[in-house]
Protein chains: 2
Amino acid sequence: MLKNQRVTDKEDRSPRPVTMETVARLAGVSQVTVSRALNEPDKVSPATLARIRHAIAVTGYVPNLVAGALASKRSKLIAALIPSITNIVYSSLMQHFSQAVRASGYQLLMSETGFSQDEEQELVAKLLTRRPDAVLLTGIRHSDPCRHMLLGAGIPVVEVWDVTETPIDTCVGFSHTEAGKAVAAFVRENGYRRAANVSAGDERALRRKDAFARALIEAGFASVPEVCFEGGASIERGRLALARLVDEQAFRDGVIFCSSDLLAHGVLIEAQARGLRVPEDVAVIGFGDQVFAAHTLPPLTTVRVDRALLGERAASALLARLNGVEVPEKTIDIGFEIVRRATA
Amino acid sequence: MLKNQRVTDKEDRSPRPVTMETVARLAGVSQVTVSRALNEPDKVSPATLARIRHAIAVTGYVPNLVAGALASKRSKLIAALIPSITNIVYSSLMQHFSQAVRASGYQLLMSETGFSQDEEQELVAKLLTRRPDAVLLTGIRHSDPCRHMLLGAGIPVVEVWDVTETPIDTCVGFSHTEAGKAVAAFVRENGYRRAANVSAGDERALRRKDAFARALIEAGFASVPEVCFEGGASIERGRLALARLVDEQAFRDGVIFCSSDLLAHGVLIEAQARGLRVPEDVAVIGFGDQVFAAHTLPPLTTVRVDRALLGERAASALLARLNGVEVPEKTIDIGFEIVRRATA
DNA sequence: TTGAAAGCGCTAACAG
DNA sequence: CTGTTAGCGCTTTCAA
């Protein structure tokens with residue numbers, strides 16, 4: 001190899017990207033035929049298809065979906081907003097949702113709102129910039145500008161984890177008020193005379209708590225002491241919550257309804273550390289039925305929400321809209337279920 | 001409203017999207033000026049800037065980044081591949097990484113490989129289609145086609161959670177072999193005579209285990225019994241692991257090194273269920289120093305990996321490359337630290 | 001400080 | 001079954 005040549009090589013360094021045109025030339029067809037070979041192979045003769053495939057392999061051609069999206073006005077992207085990615089309740093929902101939409105060729109553009117409506121609004125603005133084909137939102141409370149942007153975008157929207165009569169577009173989840181009431185009923189049926197609540201995180205947990213406490217007060221409970229945290233649930237906060245309930249609110253015995261299994265687990269640990277018997281001294285009810293719930297000591301009584309089902313339903317609702325299928329019900333209630341184990 | 005009019009309304013329904021052109025016309029400028037107003041406002045006179053901003057507000061214009069990306073060849077997208085989104089170790093890494101790159105205007109396109117190289121390869125192919133400006137990969141083991149595609153894309157790549165002398169591009173993490181050795185040293189220094197290992201998930205955990213066991217065997221341990229699970233770690237599996245160790249492998253006393261704090265927590269729970277004292281009968285060492293580790297009973301001794309730091313370093317490595325800064329070191333070792341609490 | 005022209009790489013009609 | 005012609009809505013030169 002001569003030195004000149006090498007210099008020439010260096011100056012040739014305009015690694016012109018391999019486009020459909022490149023592939024087309026190599027295969028001896030026009031560029032659109034390559035496009036067809038990729039998108040509707042049936043409409044291309046086997047012979048040319050083979051030549052094109054060969055050319056693609058040889059060139060290492062990687063389709064450019066940003067060009068494709070611009071031309072077709074379909075990005076095959078779904079934007080998803082969840083409060084927190086480290087909260088397994090949301091991440092596992094996303095896992096199922098993602099899998100379901102991926103089967104139809106959609107990719108997820110996911111962001112965290114940190115339980116903040118303002119952040120959510122900002123993110124929606126940013127995400128719409130990518131022209132997603134659809135949007136998933138967590139919860140039913142959104143800022144007005146947020147709703148407007150979404151409405152203006154004219155794309156399918158699904159709100160999950162809650163239900164409402166007035167969704168932006170469609171909505172799949174369950175009623176937090178009903179969940180709170182159901183747990184209150186469970187508490188009464190099992191003869192508890194005192195109850196407390198521990199919550200963390202979002203507005204939905206607060207609605208469960210309110211329904212829970214209200215139902216119990218109406219049933220004659222003197223009061224329902226509570227501990228609320230800003231931000232996420234954790235075992236640490238569960239421990240702290242029981243400590244506060246016992247030390248500061250004179251909570252001696254009864255049942256504690258926690259807004260998350262993680263908090264409930266913390267309560268369990270703190271109870272043990274204090275020598276309190278579960279459920280004899282303090283009974284505990286969690287929320288979420290996370291995988292570990294069946295394996296705590298004692299096994300945790302909790303409220304199960306089928307996140308896999310939720311993810312799939314949300315996906316199919318969106319996919320139906322994307323395929324132009326008219327969906328009769330705007331909101332789908334997947335319900336919940338109290339799973340009785342040993343802590344209450 | 002007349003019926004005719006309403007019909008007309010219906011037929012008028014070609015909601016022509018608001019483009020820069022629309023905004024430009026309204027503001028009485030050319031389309032490129034709007035582009036400038038958005039991207040380099042300094043180069044536009046205050047007066048026209050104001051008119052443009054007003055026009056944007058009035059029309060509700062939402063920039064189209066797919067067109068922008070096509071024209072500029074910069075998508076402002078970073079593709080990230082992690083084994084599992086529900087594993088908090090990875091999701092919290094993503095949380096920090098995401099935050100760090102977002103500050104520079106990048107958005108994350110995240111996918112799960114499920115610990116599979118084949119899946120990873122397929123996802124890389126799919127993701128490159130979106131023309132991300134950079135890619136983050138978990139681990140240093142990738143299929144050859146995967147490496148080729150990435151190299152061919154000619155974009156910055158960062159591999160995290162491990163270190164190697166031969167990264168695809170750059171790499172930030174820590175040595176799993178060293179971690180395994182360090183735990184073995186810790187075990188010896190603390191006078192334990194018997195040790196076991198419980199692992200789940202990935203190849204990296206296995207490397208830690210191998211280094212751990214080898215070091216101990218070399219130090220004269222007769223054997224290091226082990227329990228390995230395919231797939232993710234969980235409390236349930238931790239309980240199961242201790243059960244197997246005790247019931248099937250006659251593990252009576254000693255220290256158990258777990259590949260995850262979650263497994264360690266399960267071991268703790270099972271030990272308690274069996275009336276085994278920790279650390280007197282079985283000592284336990286976790287891995288990851290998850291938030292709950294300090295709040296188990298007893299508090300968990302574990303190996304801390306600074307995921308926030310890792311995320312930030314990975315981000316800054318990528319951002320440096322994206323800004324054309326030559327990075328001297330191709331691989332950054334952020335190390336780890338054994339956190340001694342009460343279980344060992 | 002502003003604009004005109006040319007394309008980014010693909011898909012969408014429409015022909016043939 | 002294949003090709004031609006127009007764009008998609010931006011950014012990038014280059015001029016003025």
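Chain A is the first sequence line, chain B the second, and so forth, proteins listed ahead of strands; every chain is numbered from 1.
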Side-chain N,O ([X]) to OP1/OP2 ([N]) below 4.0 Å:
X	N	answer
S35(B)	dT11(D)	yes
N39(B)	dT11(D)	yes
T48(B)	dT2(C)	yes
T19(B)	dC8(D)	no
S45(B)	dT1(C)	no

Under 4.0 Å between any heavy atoms, over every strand shown, what does [X] touch: base, sugar-phosphate, or nothing? Just pick one.
X	result
K43(A)	base
V44(B)	sugar-phosphate
Q31(B)	base
R131(A)	nothing
V29(A)	sugar-phosphate

Is [Y] paired with [X] through a side-chain N to carboxylate O contact shorter than 4.0 Å?
X	Y	result
R147(B)	E120(B)	no
D133(B)	K76(B)	no
D169(A)	K330(A)	yes

Interatomic distance, [X] [atom1] vs [N] [atom2] [rounded to whole Å]:
X	N	atom1	atom2	answer
L70(B)	dA6(C)	CG	P	18 Å
M20(A)	dG7(C)	CE	P	20 Å
R36(A)	dT4(D)	CZ	P	11 Å
E21(A)	dT11(C)	CD	P	13 Å
R130(A)	dC8(D)	CZ	P	22 Å
L38(B)	dT12(D)	CG	P	13 Å
D42(A)	dT2(D)	CG	C1'	15 Å
I52(A)	dC1(D)	CD1	P	13 Å

TODO: Could you pick out which residue, V32(B) or S72(B), lies toward the 5' side of DNA chain C when each is mapped onto its nearest nucleotide?
DONE: V32(B)

Open item on the list: Under a 3.5 Å distance rule, please check whether E112(A) uses its side chain to pair with a backbone N or O of I82(A) as donor and acceptor.
Closed with: no

Open item on the list: If we ignore hydrogens and angles and just use 3.5 Å, is the side chain of S35(A) paired with the main-chain N or O of M20(A) as donor and acceptor?
Closed with: no

- [ ] Measure from the side chain of R74(B), starting at C-beta and using heavy atoms only, and say which of dC10(D), dT12(D), dC1(D) lies closest.
- [x] dT12(D)

Task: Selection from dC8(D), dG7(C), dC14(C) that lies nearest to any side-chain heavy atom of K73(A) - done: dC8(D)

- [ ] For T59(A) and A55(A), work out which heavy atoms get closest and say how close.
- [x] OG1-O, 2.7 Å

Task: Of V34(B) and P46(A), the one whose closest DNA chain D nucleotide lies more 5' - done: P46(A)

